[in-house]
S.K.: 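The structure that follows is given in the form of structure tokens.
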Amino acid sequence: MSFGDSVPDYLHDCLATLTIDLSSIIHNYQHCLQLTGGKECAAMVKADAYGMGIAHVAPALFHKANCRTFFVASLAEAVKLRQILPEAIIYVLNGVFSGQVVYFIKNNLRPVLNDLTQAALWQAISAENRPACAIHFDTGINRLGLSPMDTTQFINDVSLRKELDISLIMSHLACADDPDNPMNARQLADFEAITQNFPDIPASLANSGGILLGPDYHFDLVRPGLLIFGGNPSKGAMPKNIKVPFQILGKILQIRTIGTGQSVGYGATWTAKQPRHIATINIGYADGYPQMFNNCGWVYIKGTKLPVVGRVSMDMIGVDITDANPQEIGPECDVELLGPHITLEMASEVSTLSQYEILTGVRERYRRIYI
Ligand SMILES: *Cc1c(COP(=O)(O)O)cnc(C)c1O
């Protein structure tokens, strides 16, 4: 649901658009499958499928790409996904708390159990109506999952392990984006040692970055998010076959010519060193284009990459279009702020925001077009 959905068709032209190409998302998912040589590939669809719209993305992956397993962060996200996909396997990363048990059962949701209290809570439910569960072992990220001490205790508690219907054991890498970081091999060794105790249960370690670390990291199931949505999860080169499935297009509202010494935007933080042509675009921080792009963002207009000048306003940015062909550019002209030409990687580099933050920061105000 975006603001654009509630606007009558004849007003759509005045909104900036977010176009999401579901076939490219499916393509990227299938590429993840290829990279792992046919291991099971789950889809991370937390945070409204990284801002791309879970109501569209999840059914496309389920029906067109045969993806059966989905991970979300919270129970609320899981209940929403269950209404969309009655048959999917849904894991809830945040775990389960006592007041939530009834909703896990009612919606057939699998908790990712993160500590011994949650394991005991789940064990206490009568087995006939209790969904399966995942066990998350913390191997060093120190975020969620059983601590090393709890891990030992859990492994030694044979009756608990038998009673729980464990469908997955997992851990999460802290530095998967950096192939040279020795922490990857350390976490891999620790997780491998844990898996020895669960020979019959599928295991999972890799997020998108982990997939690119190679087959040792793939185990039975991988959990990509960013790669499906066209980001580069690694400091290394982007896998060639990944497509950018989204494009944010704003429009030029007005163009003006300014003289040497004149400034653009709030705070007058950018000053022209020579006469410049400045276009004002209808996207600002209220759309999820943050002020981290002040005086350093880039946009793409009719084949030319052009710089953002001045501060990002709530609803607008200024762009120096002097280097573009003035005959081709005028009011209502399309402007790419993010997409195939202005990639997440590029935007992340200039803004110092992570690709994840830029993507999930995309707001409601766009008119969304799914193709
Ligand atoms: C978000 C998340 C992922 C997916 O990470 P990407 O880097 O987007 O592939 C995988 N596993 C866990 C536990 C996560 O929280």
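Note that ligands are numbered from 1 as they come in the structure, with each ligand's atoms numbered from 1 the same way. Since the structure is predicted, the reported quantities are computational estimates derived from the model, not experimental observations.
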S.K.: Please tell me whether N294 and T269 have a donor and an acceptor in their side chains that are separated by less than 3.5 angstrom.
M.R.: no

S.K.: Taking R365 first and then D315, would you say they form a salt bridge - that is, a charged N and a carboxylate O separated by under 4.0 Å?
M.R.: yes

S.K.: Spell out, as yes or no, whether a donor-acceptor pair under 3.5 Å connects the side chain of D220 to the backbone of A203.
M.R.: yes

S.K.: Is the side chain of H27 donor-acceptor paired with the backbone N or O of N241 at a distance under 3.5 Å, no angle test?
M.R.: yes

S.K.: Protein residues near ligand 1, heavy-atom distance below 4.0 Å?
M.R.: M44, K46, Y50, L93, R143, M170, H172, N207, S208, R223, P224, G225, L226, Y356

S.K.: Using side-chain contact (heavy atoms from CB on, under 4.5 Å) as the criterion, list what pairs up with A119, not counting sequence neighbours.
M.R.: L113, F154, L160, L164

S.K.: Could you check whether T69 and E40, counting side-chain N and O atoms only, form a donor-acceptor pair closer than 3.5 Å?
M.R.: yes

